[in-house]
Amino acid sequence: MSHPYGQFEGSPLWEVINKGINDLVENNDLEEITKREYIVGYLCKLINESIMAKP
């Protein structure tokens, strides 16, 4: 199933955020109830928008 964040998938930003979430889940610091693609994609979108908004 596709998700609305495909443009970010495979990017360096995606990989870093995905690794961070993996680490948090493995340490039992975070419990996922939403599909990983939506979590990582949304965070990538927010970061990308914040970078693009800066002059």
Side-chain angles (χ1 to χ4, degrees):
M1 185 171 166
S2 72
H3 54 81
Y5 307 108
Q7 70 190 53
F8 301 110
E9 199 165 354
S11 70
L13 180 58
W14 182 284
E15 298 304 322
V16 168
I17 291 173
N18 191 49
K19 181 190 179 318
I21 292 172
N22 267 341
D23 292 346
L24 291 169
V25 169
E26 287 178 11
N27 291 333
N28 295 315
D29 293 323
L30 180 71
E31 182 179 335
E32 292 176 85
I33 58 172
T34 302
K35 287 187 175 187
R36 175 70 62 96
E37 294 84 6
Y38 286 88
I39 298 169
V40 176
Y42 181 72
L43 292 173
C44 286
K45 177 181 170 275
L46 286 178
I47 292 168
N48 190 55
E49 286 174 352
S50 109
I51 291 169
M52 298 305 285
K54 291 186 178 186

How close do E37 and W14 get, counting heavy atoms only, and between which atoms?
O-CH2, 3.5 Å

Side-chain heavy atoms nearer than 4.5 Å, only ILVMFWY residues, links allowed to pass through others: does that put M52 and I17 together?
no

Which one of E9, R36, K35 satisfies the side chain to side chain contact (heavy atoms under 4.5 Å, CB included) criterion with H3?
E9

Provide the closest heavy-atom pair for K45 versus Y5 in the form atom of the first, atom of the second, distance.
CD-CE2, 3.7 Å

Is there a chain of hydrophobic side chains (I, L, V, M, F, W, Y, each step under 4.5 Å between heavy atoms) that links V16 to Y38?
no

Please answer whether the main-chain N or O of D23 pairs with a side-chain N or O of N27 as donor and acceptor at a distance below 3.5 Å.
yes

Shortest non-hydrogen contact from V40 to I21?
CG2-CD1, 3.8 Å

What closest approach, in Å, do F8 and C44 show between heavy atoms, and which atom pair accounts for it?
CG-CB, 3.7 Å

From L13 CG over to N18 CG, what is the distance, rounded to the nearest 0.5 angstrom?
11.0 Å

Working to the nearest 0.5 angstrom, can you tell me the gap between N22 CG and E15 CD?
10.0 Å

